[in-house]
S.K.: 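First, the structure itself, so that you have it in front of you.
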Amino acid sequence: MPANLTPQYYDAEESYKKAVTVEEKIAALEEMLAVIPKHKGTEKMQADLKKRLSKLREEGQKKSKTARIDPFFIEKQGAGQVALVGFPNTGKSALLGAVTRARPKIAGYPFSTTVPLAGMMPYEDIYIQLVDTPPITQEIVPPGLAGALGNADALLVLVDAGSDECLEQLEFCLKYLNDKKIVRDDAALNTRGIPPGRRLVLATRADMPNSSDNIEIMRELCPAGLEIYPVSAVTGAGLEALKEKIFTILGIIRVYTKVPGKEPDLKTPFILQQGSTIQELAASIHRDLPRLMKNARIWGSARFEGQSVMRDYVLQDRDIVEITQ
């Protein structure tokens, strides 16, 4: 039976052939396995892909145990990790310093950031982790950058709205994210990649005289559905509203819990993905709770306060939940 392989499969196969690191090979194999047509004619190919993927994963685990500490790896903290990517002097470090307590090195010369630096951004009752990364150019891309960006939950692409080369900056950054499979339309599949909806373009230095015209040009020529959001670390324009936008693109909700007969704990919410259910909240509290819980009551999105709900009830941001065993 013919395999009838698709163009998407051949593209992934080409990425595998060009891959240099174990991580890149794993990502390419995962994509090949995701897009290969599933029928009897490809069963042997699927088995071979799974075998190669398993071998590479074992190899990667062995290397990770013996390798030195990766300076590009930032452990996730807070409600979500958002990585910043952009050209030199686009204001990544200035933005990090403006919205977090981090004190990055801010200089007028390029490449002042050599390794990722994290800071915690307060948003209402939670903290979101922002990670400043070394800059990229069309000639130079830091070797560990793809891994750092791919590990994040969302991305901020920074372009200098005061520069006449802002469109070129944007196009190269988007191409890099696409070529490295860091952002991908089919990220809902069991493959690596950040969905396009979790990517936001920041037009920095929006206080510059020619920034408005440049922002309009980018909005006209950028891919459909891609938002260009102006900010200025100098004047503070757009920074407060940016915090809410970052919370939104992360696709998360805050859920508070209460013990029967007591007031709810409104200081430490559980952070869940949008669309999460009572069952998933219970599992995040304790692995045995989904099996032990007998009833759940909810305040917030339910029709009336304290309403009893089923395990598959979909939670909303700021819901309060009481679970009894």
S.K.: If you group Ile, Leu, Val, Met, Phe, Trp and Tyr by side-chain heavy-atom gaps below 4.5 Å, do Met310 and Leu289 land in one group?
M.R.: no

S.K.: For the side-chain contact (heavy atoms from CB on, under 4.5 Å) test, which of Leu177, Thr133, Val82, Leu84 pairs with Leu155?
M.R.: Leu177

S.K.: Is the NZ or CZ atom of Arg101 positioned over Tyr127's six-membered ring, under 6.0 angstrom from the centre and within 45° of the axis?
M.R.: no

S.K.: Identify whether Leu281 and Ile320 are in the same connected component of the hydrophobic contact network (ILVMFWY, side-chain heavy atoms under 4.5 Å).
M.R.: no

S.K.: Verify the cluster assignment for Ile249 and Met120: are they in a single hydrophobic cluster under the rule of side-chain heavy atoms below 4.5 Å apart?
M.R.: no

S.K.: Consider only side-chain N and O atoms of Asp319 and Tyr313, and report whether a donor and an acceptor are under 3.5 Å apart.
M.R.: no

S.K.: Under the 3.5 angstrom rule, does the side chain of Arg198 hit a backbone N or O of Ala154 as a donor-acceptor pair?
M.R.: no

S.K.: Nearest 0.5 Å please: distance from the CD atom of Gln169 over to the CD1 atom of Ile136.
M.R.: 9.5 Å

S.K.: Salt bridge or not for Asp48 and Lys44, using N-O below 4.0 Å?
M.R.: no

S.K.: State yes or no: do Val131 and Ile271 share one hydrophobic cluster built from I, L, V, M, F, W and Y residues joined by side-chain heavy-atom distances below 4.5 Å, directly or via other members?
M.R.: no

S.K.: For Ile194, does its backbone N or O pair with a side-chain atom of Arg199 as donor and acceptor, under 3.5 Å?
M.R.: no

S.K.: CG/Leu95 to CG/Leu239 distance, rounded to the nearest 0.5 angstrom?
M.R.: 6.5 Å

S.K.: With the 4.5 Å side-chain cut-off for hydrophobic clustering, are Val309 and Phe270 part of the same group?
M.R.: yes

S.K.: Are Glu24 and Lys180 within salt-bridge range, i.e. N to O under 4.0 Å?
M.R.: yes

S.K.: For atom CD of Glu75, is the number of surrounding heavy atoms from other residues, nucleotides or ligands below 6.0 Å larger than 12?
M.R.: no

S.K.: With rounding to the nearest 0.5 angstrom, report the CD1 to CG distance, Ile182 to Leu174.
M.R.: 11.5 Å

